[in-house]
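What follows is one structure encoded as structure tokens, with my remarks underneath.
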Amino acid sequence: AQKVTQAQTEISVVEKEDVTLDCVYETRDTTYYLFWYKQPPSGELVFLIRRNSFDEQNEISGRYSWNFQKSTSSFNFTITASQVVDSAVYFCALSEAYGGSQGNLIFGKGTKLSVKP
Amino acid sequence: GAVVSQHPSWVICKSGTSVKIECRSLDFQATTMFWYRQFPKQSLMLMATSNEGSKATYEQGVEKDKFLINHASLTLSTLTVTSAHPEDSSFYICSAPTRDRVLYEQYFGPGTRLTVT
């Protein structure tokens with residue numbers, strides 16, 4: 001069965017600190033996708049990144065970086081020099097790939113990040 | 001990029017009435033759409049998979065007679081909450097997968113906040 005675990009329920013940091021959000025996943029499939037979404041208070045999901053299971057390269061996008069390690073089934077997300085605008089709930093999610101398309105997403109429980117000035 | 005819209009963005013209804021939520025893919029065709037539900041301070045949980053031209057597939061514990069799904073065209077899926085009760089108050093989000101030449105993408109609507117009084 002597929003499962004996504006975000007062990008950190010809430011994290012509070014002070015502005016300019018670095019923060020890492022953990023994500024551990026379980027799947028029996030060899031082909032799958034991993035995602036991170038940001039959900040601000042408005043509720044709309046903001047897409048941050050998608051990774052497929054064959055691409056283990058780490059990625060950096062501005063202050064955001066992601067570390068994908070298949071050996072530990074982890075896909076961690078780091079925000080460098082956090083800002084108040086980063087305050088939100090962050091979801092890690094997993095999707096199978098089948099039939100030439102993408103299945104539904106299995107979401108972790110989310111990590112609420114509060115960045116204080 | 002591709003866009004998925006939802007209407008209405010929020011709705012308040014009285015207990016016992018029915019509410020219809022629309023999910024539209026604006027610039028691509030979606031043979032499959034997913035409906036998720038998010039209760040306050042919780043994660044997104046898949047309710048059902050909407051398939052164009054065939055019956056929806058419901059997740060365990062979701063009453064198909066209460067949550068009616070109609071995927072009448074390749075760009076529109078509707079979710080009707082029948083005889084709504086206060087416990088149906090939630091944030092409902094749809095998504096649609098699509099594929100360009102290389103990449104699979106999954107696009108989420110902005111969500112519909114339902115409050116049943």
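In what follows, chains are A, B, ... by sequence order, proteins preceding strands, each numbered from 1. Scope of the values below: all heavy atoms of this structure, side chains included, with no hydrogens, waters or symmetry mates.
Annotation: B:Y36 is not in aromatic contact with B:Y92 [ring centroid separation under 6.0 Å not met].
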Take B:Y107 and B:F28 through the test ring-ring contact (aromatic ring centres under 6.0 Å, His included) and record every step on the way to the result.
CA-CA 11 Å; B:Y107 295 97; B:F28 66 99; 5.8 Å; yes
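Both tests pass for B:R113 against the ring of B:F91: distance under 6.0 Å to the centre and angle within 45° of the axis.
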For residues 19-26 of chain A, tabulate all N or O donor-acceptor pairs below 3.5 Å that involve a side-chain atom, not counting sequence neighbours.
residue	atom	partner	partner atom	Å
A:T20	OG1	A:T78	OG1	2.8
A:Y25	OH	A:Y32	OH	2.7

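Proximity to chain B (any heavy atom under 4.5 Å) is shown, for A:Q6, by neither the backbone nor the side chain. Heavy-atom distances place no part of B:Q6 under 4.5 Å from chain A, backbone and side chain included. For B:L46, the part lying near chain A is the side chain, with the backbone staying farther off; criterion is any non-hydrogen pair under 4.5 Å.
Residues A:R51 and A:E56 are not paired through a salt bridge, judged by the lack of any N-O separation under 4.0 Å between the basic side chain and the carboxylate. In summary, B:R24 and B:E22 engage in a salt bridge, as defined by a charged side-chain N under 4.0 Å from a carboxylate O.
Taking 4.5 Å as the heavy-atom cut-off, none of the residues of residues 63-73 of chain B approach chain A.
For the residue pair B:E52 and B:T31, no side-chain donor N or O sits within less than 3.5 Å of a side-chain acceptor on the partner.
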